[in-house]
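Heads up: the structure comes next, in structure tokens.
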Amino acid sequence: MRSLILRTIAPVVLHLTLLFSMFLLIYGHNQPGGGFIAGLMTSVGIVLQWIAVDEEEGRRRFNWPYEGIFLAGLALSTLTGVWGYIKGAYLKSSIYRFELPFIGDVELFTAFLFDVGVYGVVVGVVMCIFTNLCEKETQEPEAEGE
């Protein structure tokens, strides 16, 4: 049986870590490691929530396509780098301005897109590792000699 205190505090911590990771992702896109640190914060919150609930509820609640999140993040980061290489600004941040209906003028930084991709890679990889470790732990060892 899981701790009552852990089950009570884990949802609050999850929401706080998600909020803080979004702050790090948005603020840190011009700083080194913004997407990486934000992805680690998100993963820590999800893992803590998973540990707070029992195994069946954790599998039901967090049955996400982590491999897809990883691949989408990898594709976004790669495409951002390839786009910069084509434009002659490889690994340099470029600004694109455009107008969206109902929102107005929007500025999009390629460094932000790259960090969002890194965020997806980190969350996908950490959660894939965690779910695979949980599966390995729950499997019963095979009896020798049978």
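The shown structure was predicted, so the numbers you read here are calculated from the model rather than taken from an experiment.
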message: Rounded at 0.5 Å granularity, tell me how far CG in L113 sits from OG1 in T80.
response: 5.0 Å

query: Strictly by modelled atom types, are T42 and Y119 linked by a side-chain donor-acceptor pair under 3.5 Å?
result: yes

field: Polar side-chain atom of S21 near backbone of L18 as donor-acceptor pair, under 3.5 Å
entry: yes

F112 side chain reached by L25 side chain, heavy atoms, under 4.5 Å: yes

- line: To the nearest 0.5 Å, atom CG of N132 lies from atom CD1 of I129 at 8.5 Å

query: Hey, are the side chains of M127 and V47 touching, using non-hydrogen atoms and a 4.5 Å cut-off?
result: yes

task: Drop me the distance from Y66's OH to L71's CG, to the nearest 0.5 angstrom.
output: 15.0 Å

- prompt: Is there side-chain contact between V122 and F70, with heavy atoms separated by less than 4.5 Å?
  reply: no

task: Begin with the C-alpha distance, continue with both residues' side-chain angles, and end with the deciding distance and a verdict on side chain to side chain contact (heavy atoms under 4.5 Å, CB included) for Y96 and T110.
output: CA-CA 8 Å; Y96 294 97; T110 56; 3.5 Å; yes

Common cluster, I26/V116, ILVMFWY with side-chain heavy-atom separation under 4.5 Å: yes

message: Please verify the inter-ring angle class for W50 with F62; under 30° counts as parallel, over 60° as perpendicular, anything in between as tilted.
response: parallel

message: Please determine whether residues F23 and M41 belong to a single hydrophobic cluster, defined as Ile, Leu, Val, Met, Phe, Trp and Tyr linked transitively by side-chain heavy-atom distances below 4.5 Å.
response: yes

message: Please say yes or no: joined through hydrophobic side-chain contacts below 4.5 Å, possibly via intermediate residues, are M22 and V13 part of one cluster?
response: yes

task: Taking the side chain as every heavy atom from C-beta outward, state whether F130 and I51 have any pair of such atoms under 4.5 Å apart.
output: yes

Reported CD-to-NE2 distance for the pair Q49 and H15, which is rounded to 0.5 angstrom: 8.0 Å

query: Honestly curious: do L6 and I46 fall in one hydrophobic cluster under the side-chain, below-4.5 Å linking rule?
result: yes

Closest non-hydrogen atom pair, S77 against V118: OG-N, 3.2 Å

task: Would you indicate whether the side-chain heavy atoms of D105 and F98 approach each other to under 4.5 Å?
output: no

- prompt: Does the side chain of R61 reach to within under 4.5 Å of the side chain of V53, using non-hydrogen atoms?
  reply: yes

statement: The reported gap from CG in L48 to OG in S43 (rounded to nearest 0.5 angstrom) is 12.5 Å

- request: State whether the side chain of T17 and the backbone N or O of L14 hold a donor-acceptor pair below 3.5 Å, judged by distance alone.
  value: yes

task: Indicate yes or no: at least one non-hydrogen side-chain atom of I95 is less than 4.5 angstrom from one of L108.
output: no

- request: Say whether V123 and V44 are linked into one hydrophobic cluster, either directly or through other cluster members, by side-chain heavy-atom distances under 4.5 angstrom.
  value: no

